[in-house]
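Convention: sequence-line order gives letters A, B, ...; per-chain numbering from 1. Note that the coordinates shown come from a computational prediction; the quantities given were computed from them, not determined experimentally. Below, all heavy atoms of this structure are taken into account, side chains as well, without hydrogens, waters or symmetry copies.
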Number of protein chains: 2
Amino acid sequence: MQERHRVSLNAVRVFAIVARTGSLTAAGAELGVTSGAVSHQLKKLEDELGVSFFRRGNNTVSLTDMGRRFYEEVAPAIGLIERSADALYRDENEISVHATTSLALRWLIPSLDRFRVLCPKVRVRVETSSARGIPAIPDSDVGIRYFRTGEEAEGWELLARDLRRPVVSPVLLARGNHGREIAVADVPALQCCVGNWDWKLWCETFGIPPADLSFAHAFDTDDAALHACVAGLGMVLAPTILTARETKSGALMILPGHQPFETGTYRYRRCSESRAVRQFCAWMDTEMRNLE
Amino acid sequence: MQERHRVSLNAVRVFAIVARTGSLTAAGAELGVTSGAVSHQLKKLEDELGVSFFRRGNNTVSLTDMGRRFYEEVAPAIGLIERSADALYRDENEISVHATTSLALRWLIPSLDRFRVLCPKVRVRVETSSARGIPAIPDSDVGIRYFRTGEEAEGWELLARDLRRPVVSPVLLARGNHGREIAVADVPALQCCVGNWDWKLWCETFGIPPADLSFAHAFDTDDAALHACVAGLGMVLAPTILTARETKSGALMILPGHQPFETGTYRYRRCSESRAVRQFCAWMDTEMRNLE
DNA sequence: TTTCCTGCATAAATTTTCCTCAGCCTCCCT
DNA sequence: AGGGAGGCTGAGGAAAATTTATGCAGGAAA
């Protein structure tokens with residue numbers, strides 16, 4: 001192979017943009033550099049090749065025949081490479097995460113900014129679905145869902161244990177509390193899952209007669225129930241992980257004298273093995289470790 | 001158009017070469033840089049894109065699936081751009097010059113190194129033909145030929161006037177000179193063109209009877225005739241421009257008492273308007289000016 | 001096994017390249 | 001005529017590429 005003259009492909013790209021836009025200034029804007037930089041790049045390319053791609057009017061440039069020919073030859077190639085690299089980048093740095101609505105709204109989304117700081121390149125698309133137990137998560141790179149205690153969780157990594165305790169609005173707590181320990185019977189219980197499964201398990205665990213509970217409204221997501229709870233409609237058996245903000249700010253109080261108990265786990269599954277997915281899962285793990 | 005991540009196309013080229021050769025060292029050699037430079041470029045590209053193109057063994061690299069895919073996508077595009085630029089460069093910086101054998105051998109080729117110094121990028125291909133009066137010079141960027149005085153020279157630029165005078169080997173000059181002025185009749189005349197046109201014109205111009213001349217051998221080019229002349233076979237009516245070296249070194253002497261006279265002109269014609277051609281013609285002009 | 005050699009990765013230093021800035025010019029449009 | 005827009009250019013500083021030096025691991029040779 002002969003000694004060949006290797007032009008700067010970056011300069012060729014600059015040329016292509018100038019050729020397309022017909023202006024150094026516009027090309028500079030597109031590239032995020034000044035027109036002077038473009039002028040220099042172009043001049044260097046022309047000098048190296050020993051050709052003139054542009055006819056220089058005094059404050060305008062226009063393609064010469066040679067320039068047009070070269071542009072028509074190289075522009076598709078440049079475009080192909082850029083699209084190719086771009087697709088690669090997106091595939092690798094854009095992940096979709098599927099999570100239940102409540103977890104997404106109350107934990108994932110509020111935490112996501114810390115992930116962005118950690119991995120600024122990775123863009124996360126959050127997909128929510130309110131249905132708890134969707135077995136197959138379609139075309140998501142990461143799925144997060146809730147598992148009741150004892151439920152089969154083959155292939156799912158532990159994200160966090162779900163510890164629940166009754167929470168209630170401070171207003172309601174103050175109203176019901178007349179110098180004595182408040183009783184669960186004094187506060188309407190809000191349902192947030194089908195069949196009232198969580199309250200039943202709670203009664204069972206702590207030996208409380210289910211009849212003591214007075215059920216008020218029902219909601220299809222924890223998030224909705226918690227909104228109702230904040231509004232003073234009653235108490236919710238709330239996962240600690242979903243109420244960090246409210247208990248911290250005092251918008252919700254833990255019903256005194258009640259220990260958290262484990263009703264299940266949040267678990268995630270990788271459906272792809274890209275680096276971004278690994279980073280995201282690792283980040284979730286550290287987030288959870290920091291919560292403990 | 002969205003904010004897009006512009007990878008360095010030069011880095012992509014480096015990647016492509018590494019992918020093709022399968023070795024950083026080999027790629028470095030091909031690019032004329034060290035393997036360290038290649039390693040850096042590659043790493044930067046992978047980091048920017050957030051992907052791994054190569055599996056790193058400890059002293060070996062091999063393409064990952066993603067790397068192979070990317071290579072197959074971009075390699076043709078890279079190749080296209082390089083070939084395109086290369087062709088452009090050659091078209092623009094490689095010129096072919098057609099000249100008669102004698103002028104090429106005795107003036108153009110000896111002078112060409114000065115042109116190389118002036119325009120190192122331009123490569124000149126010299127094409128010679130012994131036939132004097134070829135009307136059309138096929139696919140040459142510059143044609144140079146001789147025009148007899150009075151010959152139609154439309155479209156041909158003047159390169160140099162052709163001044164001729166009889167020259168002879170000093171050996172022959174010394175042999176014939178016995179204390180008196182040497183006469184043209186004493187030296188055999190060598191013919192170097194069809195019909196002995198030059199000697200006839202010379203006789204006519206200076207009023208010398210053609211019968212005084214004793215013709216010896218004949219040659220089809222000035223160059224051959226001059227070789228014979230140097231060898232002492234006789235005198236040649238030689239263009240000054242073709243005998244600079246010999247008269248300077250003393251290998252040939254001008255026959256005493258004879259003035260140069262103009263028999264025609266050397267002229268050139270541009271058959272293409274590339275920059276290299278302009279540079280070459282300008283250089284020829286200055287060369288000729290310097291000779292005067 | 002031990003030793004050497006080759007190939008790659010990495011950090012620091014250096015060279016090269018690139019970009020910006022400021023000044024200047026010309027055209028074009030009020 | 002004046003001012004804005006667009007482009008050119010040179011200087012100087014910022015950023016990127018390259019080299020150099022070193023380390024490390026695998027394979028070949030002793």
Side-chain angles (χ1 to χ4, degrees), chain A residues 3-64 67-68 71 78 81 85 120-121 275, chain B residues 4-64 66-68 71 78 82 85 275:
Chain A
E3 174 85 15
R4 73 196 308 178
H5 206 255
R6 285 189 197 283
V7 296
S8 160
L9 295 185
N10 291 332
V12 174
R13 166 162 62 194
V14 171
F15 158 77
I17 296 176
V18 176
R20 173 161 53 73
T21 61
S23 145
L24 302 203
T25 306
E30 189 170 326
L31 286 161
V33 298
T34 62
S35 67
V38 177
S39 174
H40 282 142
Q41 287 276 57
L42 208 51
K43 190 162 155 46
K44 191 158 92 49
L45 181 67
E46 289 184 327
D47 284 354
E48 271 176 8
L49 249 34
V51 301
S52 279
F53 288 137
F54 293 95
R55 232 181 312 280
R56 260 78 168 183
N58 262 325
N59 61 349
T60 169
V61 292
S62 71
L63 275 173
T64 60
R68 181 177 322 282
Y71 174 67
I78 298 274
I81 297 171
K121 302 172 49 168
R275 201 176 62 155
Chain B
R4 72 195 310 177
H5 207 255
R6 288 189 193 282
V7 295
S8 159
L9 295 185
N10 291 332
V12 174
R13 166 164 59 195
V14 170
F15 158 78
I17 296 177
V18 175
R20 174 162 50 73
T21 62
S23 145
L24 303 203
T25 307
E30 189 171 327
L31 286 162
V33 297
T34 62
S35 68
V38 176
S39 174
H40 279 141
Q41 287 278 62
L42 209 52
K43 190 164 157 41
K44 190 161 92 46
L45 182 68
E46 289 184 327
D47 284 354
E48 271 176 8
L49 250 34
V51 301
S52 279
F53 289 137
F54 293 95
R55 233 181 312 280
R56 261 80 168 180
N58 260 326
N59 59 351
T60 169
V61 292
S62 69
L63 276 173
T64 60
M66 191 175 302
R68 181 177 322 283
Y71 174 67
I78 297 275
E82 298 220 301
R275 199 175 65 154

Exercise. Would Y71(B) and I78(B) count as a side chain to side chain contact (heavy atoms under 4.5 Å, CB included) if you check the C-alpha gap in whole Å, the side-chain angles of each, and the deciding distance to 0.1 Å?
Worked result: CA-CA 10 Å; Y71(B) 174 67; I78(B) 297 275; over 6 Å; no
Would you confirm whether [X], through its side chain, and [Y], through its main-chain N or O, come within 3.5 Å as a donor-acceptor pair?
X       : Y      : value
T64(B)  : R55(B) : no
N10(A)  : L9(B)  : yes
S52(A)  : F54(A) : no
K121(A) : D47(B) : yes
T21(B)  : I17(B) : yes

Exercise. Counting side-chain heavy atoms from CB outward, which of dA17(D), dC19(C), dT19(D) is closest to Q41(B)?
Worked result: dA17(D)
Exercise. Is any side-chain N of the basic residue among E48(B) and R6(B) closer than 4.0 Å to the acidic one's carboxylate O?
Worked result: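 Answer for the salt bridge query: no.
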Exercise. Taking 4.0 angstrom as the limit, do R56(A) and E46(A) come out as a salt bridge?
Worked result: yes
Rounded interatomic separation in angstrom, taking [atom1] from [X] and [atom2] from [N]:
X      : N       : atom1 : atom2 : result
R55(A) : dC8(D)  : CZ    : P     : 14 Å
H40(B) : dT10(C) : NE2   : P     : 8 Å
L42(A) : dC8(D)  : CG    : P     : 8 Å
R6(B)  : dA15(D) : CZ    : P     : 20 Å

For this session: Heavy atoms under 4.0 Å is the rule here; annotate nucleotides 1-8 of chain C 5' to 3' with B where the base is hit, S where only the sugar-phosphate is, and - elsewhere.
Result: -----BBS
Exercise. Using a heavy-atom distance cut-off of less than 4.0 Å, which residues of residues 43-50 of chain A contact DNA chain D?
Worked result: K43(A)
